[in-house]
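Encoded as C-alpha cells, the structure appears first; notes follow it.
Any value given below was found using the heavy atoms of this structure, including those in side chains, with hydrogens, waters and symmetry copies removed. Each residue takes its place number in the sequence, starting with 1. What you are looking at is a predicted structure, and each value in this text was computed from that prediction instead of being measured.
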Amino acid sequence: MSLLLTLLFLTVMATENAGAAVRPIVNFSSNWATIFTSESVTMTCNVDSTAQGDLGYSWYKDGSLIGSGQQKYTIVTAKESHRGEYKCKTHDSDLSEAAKLTVSHGYLALKVPPFVFEGDILELSCAAYPGYSAGDAELHKGDQSIGSSHSGNFNIGRVNMKTSGSYTCSRSVKHHLIYYGQKSSVYISVKELFSKPIISGNSGQIQINEGGHMTITCDTKLSPHRATTELQFAFYRNGHNVQGFSLSNQYGVPSAQLEDSANYTCEIKAQSGGVKKESDPKSIQIKELFPKPVIQVNLNHLTEGDHMTITCDTKLSPHRETTELQFVFYRNGHNVQGFSLSNQYGVPSAQLEDSGNYTCEVQTPTGSVRKRSNVTHIHIQELFPYPLIKAISDQVTEGDHMTITCDTKLSPHRATTELQFVFYRNGHNVQGFSLSKQYGVPSAQMEDSGKYTCEVQTPTGSVRKRSDNINIQVTDNTTLMLIIVVTVALAVLISLFIIAFLILKSKKNQHRRQSSQRKTLSGPGETNLDEDVCYMSINFNRQPKAHSTSQNNDDGDNVIYAAVKGSDRRNTQAAYKQVQRENSVVYAALKTPGGNKNNQELRTIPQDENCVYASVKKR
C-alpha cells in the first residue's frame, strides 16, 4: 500500500471513530436482574472514556429521565413499580443498552445476572423471600433436570450460546408452619462475547499485486459489556497454520508471492473463557507482476568468433508497466553479468569457453519479486582446430630448401571463411600474417635452426590459435662429412673385429678337432696322449721278411705309427691305399662311420667306434 493510500485510510478510520459516540453500559450490584421487594440495588453507568471531570450522567427508566449528575443510581427499598428497563448516558455519549430489572413480591424467585455472555461462569439462585425458610431446590431447563441444591444456589459453569433457554426452579417455602411448594421461571438469553470473525485482505481487497505488502485482517466485534476481554487471533492458509495465536488481528506478508495465493481463515479465542470462533474462508489471489523469464539466443548454431546475444525475456503486467526491472546472467552457476536494466548479455566474439548452461534472473529494484529462468545449454562450435606445425624433416643440411607447413581444417559449415597464417622462430616473427600456410627457406643456414611455431586467425582476429613448437636443426657440410667418415671408419673397424673373431674361432675349432684324435693309451707299450687321440698298439719283435704285411712283424728299429679316421668309407679306403704305398708302412687298418668290412686286417684288431688301430713296420 502506498504512503498516500495509507494516510487516506487512517484519516477515514479516524473520522469514523470520531463520529461514533461511546456507548456506556449499566451494571447491577449485586449482580442480579431479579430482586424482591424491600431489597436494594445499585446501578452503575460505566463508560470507556478518557474524558476528565464531570461527564454529566443521566438515568432513564423505560425511556423517562429519572435522575442526573451521578454515575450511580440506587434503589434503597425496591417496590414492584421499580421493575423496568434502565439506561444511562453521558453528555457526549449515546444511551446505553437497556438493563432490565425485575422486582418480585412472591415467595420464590429464580435470580439470574442482568447480562449473560458466552464464556461466563453462570450462577443462579433459587431464593425464598427474605425471612422465609425453604427446603431443597430443584432446577430444570425445560424438561431436563439440572440438579438440586440445599442452599438453592446453582453453578452452571461456563456457558455458550446453547445455554440459552427457559429455566425453572421449584422449592418448598414455609409460611406459618406450613411448607408450600413454589416455582419460579426465567428465560436466560446468552449473548455473544464477540461476533463471528470476518477475514479481509488489504482493506477488503481479495486481489493483491505480486511483491506488494499483503495484510490480512481478522475482524470481529467485542460486546461493550466485556470490552476488557482479551482476544487472541490465529491465521490459516489452506487449513495450515501460518500465524499462531497472538494479540494481533493481522497477518502480514511484506512481499507477497504467487504461492501466497490461497484460501485464508482466521480463528479468535478469548484468553479466559474458552470461546473460539472461526471465520469463513476467504480466497485471496496474488496477481503476477511478470512471468518466469525465458532465455533466448540470437543464433541457433553459434560458431567461434560469432557475436552471441542472450536475451532474458519476460513481460510486465499491464497494470504495472512502469515498474522497473533488473536482470542478471549466469553461466554454469557463475555470474557473468550483474544486475542491470539491460535484459541482454552479449559476447562480441564467442569462444569455446563461452559454451555452458545459462540462466538469468529478473527482479524488482527492491528485490521483492525475483524469478529465475530454466537452464538453457549453449554450445559454441569450433571454427577450426589448433594448428599443427610440420616440416619435411627436423634435420636439415645447410643449403637445403626448408619448408614448414601450418596445418588446420575449417569447419564444414564455414568452409568459405578466409584464414591467415603467421610463423615464429624462437618467439620472433619470421613471416607475418598471410594467406599462405607455408613458410619456406630456399637455402637453409645455421641461423635458421630453432623452435618454430605458427598461428592461424580469421581476418578480424576474432579467432586466433597457436600451434605447439617444433625443433628444426640445420647442420653444415663439414659436420656432415665428418659424420660420414666417422660412420665408415666405425663400420670398417667392426668388420675387421668380426673377421678376426671368426679366424680365431676357426683355429680353436681346428685345434679341438686335432686334439680329439688322440686318446690315452692303455696296456703294455701304450702311450698316454690327448683325450681326443686314439691309442695304437706297436710290436717291436723282429719278424722274417717272408712274412706277410698283415702279420704285424717289424724288421727294423724305426717304426711309423698311424691312426687314421675318415668321414666316409671312400675317403678311408683312399687313405689306406696311400699308406700301403709308403715304404715304411706294413699295413694300416682304418675305421669309418659306415664300417670297415673291406679290410681283413680290421677283423683281427679290437674295434672302437671312434678309433683306428694300426700296426706299422719299417722295411
I389 CD1 to N469 CG distance, which is reported to the nearest 0.5 Å: 8.5 Å
Charged tip of K465 within 45° of Y386 ring normal and under 6.0 Å: yes
Can you tell me if H225 and S223 form a side-chain donor-acceptor pair at under 3.5 Å? no
Does any non-hydrogen side-chain atom of Q445 lie less than 4.5 Å from one of V474? no
Evaluate side chain to side chain donor-acceptor pair (under 3.5 Å) for E447 paired with S449, printing each intermediate quantity in order. CA-CA 5 Å; E447 56 267 23; S449 299; over 6 Å; no
Are a donor atom and an acceptor atom from the side chains of T215 and H213 found within less than 3.5 Å of each other? yes
May I ask you to check whether S283 and Q285 show a side-chain donor-acceptor distance below 3.5 Å? yes
Assess the residue pair E97 and R23 against the criterion (salt bridge (Lys or Arg N to Asp or Glu O under 4.0 Å)); give the C-alpha distance rounded to whole Å, side-chain angles, the decisive distance to 0.1 Å, and a yes or no. CA-CA 8 Å; E97 183 181 353; R23 194 176 189 189; 5.6 Å; no
With a sphere of 6.0 Å drawn around NE2 of H301, does it hold more than 12 non-hydrogen atoms of other residues, nucleotides or ligands? no
NZ or CZ of K191 within 45° of F115 ring axis and under 6.0 Å: no
Could you tell me whether the side chain of N238 and the main chain of A262 form a donor-acceptor pair under 3.5 Å? no
When you measure from the side chain of N343 to the backbone N and O of F327, does any donor-acceptor pair fall under 3.5 Å? no
Test item: side-chain donor near acceptor, T311 and Q344, under 3.5 Å: yes
Donor on one side chain, acceptor on other, T453 and S467, under 3.5 Å: no
Rounded to the nearest 0.5 Å, how far apart are CD1 of I378 and OG of S355? 8.5 Å
S373 and T359 have their tightest heavy-atom pair at OG-CA, 3.6 Å
Treating Q431 as the side-chain partner and Q438 as the backbone partner, does any N or O pair qualify as donor plus acceptor under 3.5 Å? yes
Inter-residue atom distance I268.CD1 - Q232.CD, 0.5 Å rounding: 11.0 Å
Residue list, salt bridge (charged side-chain N to carboxylate O under 4.0 Å, His left out) with R320, at least two apart or on another chain: none
Please check if any side-chain donor atom of Q473 sits under 3.5 Å from a side-chain acceptor atom of Q395, or the reverse. no
Exercise: identify the closest heavy-atom pair between I380 and T303: CG2-C, 3.9 Å
Looking at R414 and E304, is there a salt bridge between them, counting it only when a charged N and a carboxylate O are closer than 4.0 Å? no
Going by heavy atoms in the side chains, are Q296 and T309 under 4.5 Å from each other? no
Minimum heavy-atom distance between S93 and P24, given as atom pair plus value: OG-CD, 3.7 Å
Note: E288-K371 ion pair, threshold 4.0 Å (strictly below): yes
D400: side-chain contact (heavy atoms from CB on, under 4.5 Å) partners, not counting sequence neighbours: V396, T397
T220 side chain to S195 main-chain N or O, any donor-acceptor pair under 3.5 Å? yes
Might you point out which heavy atoms bring K292 and N374 nearest each other, and give the distance in Å? NZ-OD1, 2.8 Å
Non-hydrogen side-chain atoms of I216 and F235 separated by less than 4.5 Å: yes
Quick check: does any side chain N or O of N160 sit under 3.5 Å from a backbone N or O of E118, one acting as donor and the other as acceptor? no
Working note: E361 + R370, criterion salt bridge (Lys or Arg N to Asp or Glu O under 4.0 Å); need CA distance, chi angles, decisive distance, verdict. CA-CA 7 Å; E361 276 187 352; R370 187 168 181 170; 2.7 Å; yes
Could you tell me whether the side chain of S506 and the main chain of L502 form a donor-acceptor pair under 3.5 Å? no
So which atom in G450 and which in R425 form the shortest heavy-atom distance, rounded to 0.1 Å? CA-CG, 4.3 Å
On the six-membered ring of Y424, is R466 placed so that its NZ or CZ lies under 6.0 angstrom from the centre and within 45° of the ring axis? yes
Would you please say whether a donor-acceptor pair under 3.5 Å links the side chains of Q257 and S255? yes
Report yes or no: do E321 and T323 form a side-chain donor-acceptor pair below 3.5 Å? no
Measuring from atom CG of L352 to atom NE2 of H379, what distance do you get when rounded to the nearest 0.5 angstrom? 8.0 Å
Which is it for E278 and K269 under the salt bridge (Lys or Arg N to Asp or Glu O under 4.0 Å) test, yes or no, and what are the steps along the way? CA-CA 9 Å; E278 187 173 356; K269 72 175 182 178; over 6 Å; no
Looking at D468, I want to see if its CG is surrounded by more than 12 non-hydrogen atoms of other residues, nucleotides or ligands under 6.0 Å. no
Below 4.5 Å, heavy atoms only, C-beta onward: do E192 and F117 meet side chain to side chain? no
Is the NZ or CZ atom of K315 positioned over F290's six-membered ring, under 6.0 angstrom from the centre and within 45° of the axis? no
Would you check if the side chain of S279 reaches a backbone N or O of I199 as a donor-acceptor pair within less than 3.5 Å? no
CD1/I503 to NZ/K507 distance, rounded to the nearest 0.5 angstrom? 7.0 Å
Find the distance between CD1 (I208) and CE (M214) and round it off to the nearest 0.5 Å. 5.5 Å
Nearest heavy-atom neighbours spanning F233 and S248: CB-O, 3.2 Å
Would you say V275 and F194 make side-chain contact, with heavy atoms under 4.5 Å? yes
When you measure from the side chain of K282 to the backbone N and O of T265, does any donor-acceptor pair fall under 3.5 Å? no
Quick check: are there more than 12 heavy atoms from other residues, nucleotides or ligands sitting under 6.0 Å from CD1 of I198? no
Quick one: are K287 and L289 in side-chain contact, heavy atoms under 4.5 Å? no
